[in-house]
Participant: 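Quick one: the structure is below, questions incoming.
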Protein chains: 2
Amino acid sequence: MTGVNPETIRYYETQGLMPAPPRSGGGHRLYGQSHVKRLSFIRRCRELGFNLDEIRGLLELVDGGAYTCSEVLDQTRDHIADIRSKIRDLRKMERSLLDMASQCSGKDVPDCPIVEKLWNA
Amino acid sequence: MTGVNPETIRYYETQGLMPAPPRSGGGHRLYGQSHVKRLSFIRRCRELGFNLDEIRGLLELVDGGAYTCSEVLDQTRDHIADIRSKIRDLRKMERSLLDMASQCSGKDVPDCPIVEKLWNA
DNA sequence: TTTAATACCTGTAGCAACTACAGGTTCAAG
DNA sequence: CTTGAACCTGTAGTTGCTACAGGTATTAAA
């Protein structure tokens, strides 16, 4: 239903993100609507790049019930800053690589300027 | 000299990226200029986001001595594509987060629209 | 020349966030 | 009632390191 692997769900249980659900007589986990919602929440957070610790924090806010916009927005802003920093790093890599690639003929010749640059920078 | 942790260098040795260097009588590793160069190469590749497998590939090309521009450029282009794909993913996250954040007052009030959206999307 | 501080040595375990088994049990459909 | 799938627990693997523990080597100063 959520597109999350069963093993991942059980992993979330060990990590305290998902509650231990009731079991059938034979020991199978019996999930209800609330589990589906919670797991979907976790999945959406993961898709937005939150790590499990951050998600745990968000869940604690929600579970506590007494969260405020300001708390949530602070976390969100921090996370946006993280993402931007990652983007900056990647763009820097991209620029360097494009720069090196532009010096390279790409032909069937030895002594590539890319290798040269990496080796002797 | 290279800014790489000793433990990381030894790790690279176990992973076949760095050769086993000669040892002193007492068993200490004795590195020479060639090791410094190779390690610097690895470090620069890491900074450009290549993983150890890709670096192993590049080193094999270089060690073989018979590499061509076309081989190196192919690898580089693949890697640029990877980086761009990561950037796209991050920008998508950023957009979603900014969108959600813009709906949130950030004040000391309950019922945050960010949580609402994550919980009920 | 001794000694003390530092840097090295090996081997193992830990981090994140899962994934992939092995070896066994339970469930649901036919 | 059987059979095949999905579940169960527990452990080990993935990536790229980092952090010990417990011991040895080196080196600079006294």
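Letters go in sequence order (proteins before strands), and every chain restarts at 1. All values below were derived from every heavy atom in this structure, side-chain atoms included, with hydrogens, water molecules and symmetry-related copies excluded.
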Participant: So, taking the atom named CG in A:Asp74 and the one named NE2 in A:His79, what distance separates them when rounded to the nearest 0.5 Å?
Facilitator: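 Reported value, rounded in 0.5 Å steps: 14.5 Å.
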Participant: Take nucleotides 15-22 of chain C nucleotide by nucleotide from the 5' end and write B, S or -, depending on whether a protein heavy atom sits under 4.0 Å from the base, only from the sugar-phosphate, or from neither.
Facilitator: --BBSBB-
Participant: Are B:Val36 and B:Tyr12 co-members of a hydrophobic cluster defined by side-chain heavy atoms under 4.5 Å apart?
Facilitator: no
Participant: Is it the case that atom CZ in B:Arg44 sees more than 12 heavy atoms from other parts of the structure closer than 6.0 Å?
Facilitator: yes
Participant: Summarise protein proximity over nucleotides 1-9 of chain C in one line of letters, 5' to 3': B for base, S for sugar-phosphate only, - for none, counting protein heavy atoms closer than 4.0 Å.
Facilitator: -------SS
Participant: Looking only at side-chain N and O atoms, does A:Ser24 come under 4.0 Å of OP1 or OP2 in C:dC27?
Facilitator: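 A:Ser24 to C:dC27 OP1/OP2: side-chain N or O found under 4.0 Å.
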Participant: When the distance from CD of B:Glu13 to C1' of D:dT18 is rounded to whole Å, what number comes out?
Facilitator: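 The distance from CD of B:Glu13 to C1' of D:dT18 comes to 17 Å, rounded to the nearest Å.
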Participant: Quick check on B:Arg77: does its CZ atom have over 12 non-hydrogen neighbours (other residues, nucleotides or ligands) under 6.0 Å away?
Facilitator: no
Participant: Search all heavy atoms of A:Lys107 against all heavy atoms of B:Thr68 and return the closest pair with its distance.
Facilitator: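 Taking every non-hydrogen atom into account, O-CB, 4.0 Å.
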Participant: Between B:Met100 and A:Leu48, is there a side-chain heavy-atom distance shorter than 4.5 Å?
Facilitator: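 They are in side-chain contact.
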Participant: Could you check whether any side-chain N or O of B:Thr76 sits under 3.5 Å from a backbone N or O of B:Val72, counting only pairs where one atom can act as donor and the other as acceptor?
Facilitator: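 Checked: pair present.
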Participant: Is the side chain of A:Arg43 donor-acceptor paired with the backbone N or O of A:Thr2 at a distance under 3.5 Å, no angle test?
Facilitator: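 Side chain of A:Arg43 to backbone of A:Thr2, a donor-acceptor pair under 3.5 Å: yes, one is there.
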